[in-house]
Protein chains: 2
Amino acid sequence: MTVKNEKIAALSDAELDARHAEKMRKKKAARDKIIATKTQEKGLVIVHTGKGKGKSTAAFGLVFRALGNGMKVAIVQFVKGKWETGERQALKRFADDVTITAMGDGFTWETQDRQRDIAAARAAWERAKALIADDEHQMVVLDELNIVLRYDYLPVDEVVEFLKTSKPEMKHVVITGRNARDELIDFADLVTEMEQVKHPFRAGIKAQKGIEF
Amino acid sequence: MTVKNEKIAALSDAELDARHAEKMRKKKAARDKIIATKTQEKGLVIVHTGKGKGKSTAAFGLVFRALGNGMKVAIVQFVKGKWETGERQALKRFADDVTITAMGDGFTWETQDRQRDIAAARAAWERAKALIADDEHQMVVLDELNIVLRYDYLPVDEVVEFLKTSKPEMKHVVITGRNARDELIDFADLVTEMEQVKHPFRAGIKAQKGIEF
């Protein structure tokens, strides 16, 4: 490393520029070649998992991108109160193109009632199935479904089987929540793990409007 | 594990429910206690990095959440063409509250011109500085700034120093891009690494409207 850095330091600006242009030319050629092989279009099953921030927020970003492209989007919240004020206010500007369904109750540590949680999860999933199978929406977000699957309130096999058999070819389904099941990861097309590197909670900073809700 | 699972399997549904209620009661008490200690409000420096998807998309989600909360937001794109069609169309519905500045040219493998990239990075940063320091916007997104810092087109020390000295206390700054510099991570309040677990590109699927742009 040191030798290499000294070598680079010895180069003139013009030499650095020429070297850069050559490197970037190669990079562009390689990228263009790869992109040319990617020709298939299909509706994706996307999973955002991990302990870090950004799982639901990135799903929310996908929702707005899709809405901006004129798509119709449905959102099913498996944990109540997760997408609140800011999101809902912003979505009002797209009221004709977006459907939001919230599971009736809170969840787990709020309800402290396992049977009620199971019934609510089942009701939300029945609604989700209709939205996944219809030909009206181009994207369906199942927010915090992973939590429900992790607690075994819904069998993961049933969810994967439904996606496999009943999701229209071109429909995108976005699933969020930490602790995604392996069965779901295996089936998904795109999986991102949001890893927490640093969190302001540790420094005594509370959840804030515009950032957390 | 087997022993524990067999024990759980031997429990009746009513016993499982009671055990669940007790566990959740404790969890809620612990959470409430933690939340009570978080009292500080401040503008956050947020970094989305890592090789996975969702860095810019989650920033975009934060933008809409903030807009939904009535905040004013500014976006500076350090790589041209990254936030396109969908985002821009969706942002039009909030035209009074959002400012977008795109760096004049493409970047790196597209331009293949180091001096032009450095000049464009400098121009975008000068614009960013004005937006970070003003009292008009409550959130500023510096999309793909990490790439510019990684290539040393802007000195990271200059960026951190400016954030430290000139960012108003309550302003949120969101910085995206892979390979975030350690100096920036050290200074940031909230850092998430988006890790790629699975990507559809590998399966020959191309970038699609509504998902990638």
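Numbered from 1 within each chain, the chains take letters A, B, ... in sequence-line order. Because the structure is a prediction, the values reported are computed rather than measured.
Residue Ile118(A) does not touch chain B at all, counting heavy-atom pairs closer than 4.5 Å. Contacts of Ile185(B) with chain A are made by both backbone and side-chain atoms, with heavy-atom separations under 4.5 Å.
A donor-acceptor pair shorter than 3.5 Å can be found between the side chains of Gln115(A) and Asp17(B).
Under 4.0 Å is where a charged nitrogen must lie from a carboxylate oxygen, and between Arg19(A) and Glu15(A) no such pair does.
Note on Ala21(B), Gly54(B), Ala30(B): by heavy-atom pairs under 4.5 Å with chain A, the leading option is Ala21(B). Contacts with chain A were tallied for Arg93(B), Gln138(B), Met194(B); Arg93(B) has the most, counting heavy-atom pairs under 4.5 Å.
Side chain of Lys42(B) to backbone of Glu169(B): no donor-acceptor contact under 3.5 angstrom is found. Using a distance-only test at 3.5 Å, with no hydrogens or angles considered, no donor-acceptor pair links the side chain of Asp143(B) to the main chain of Gln77(B).
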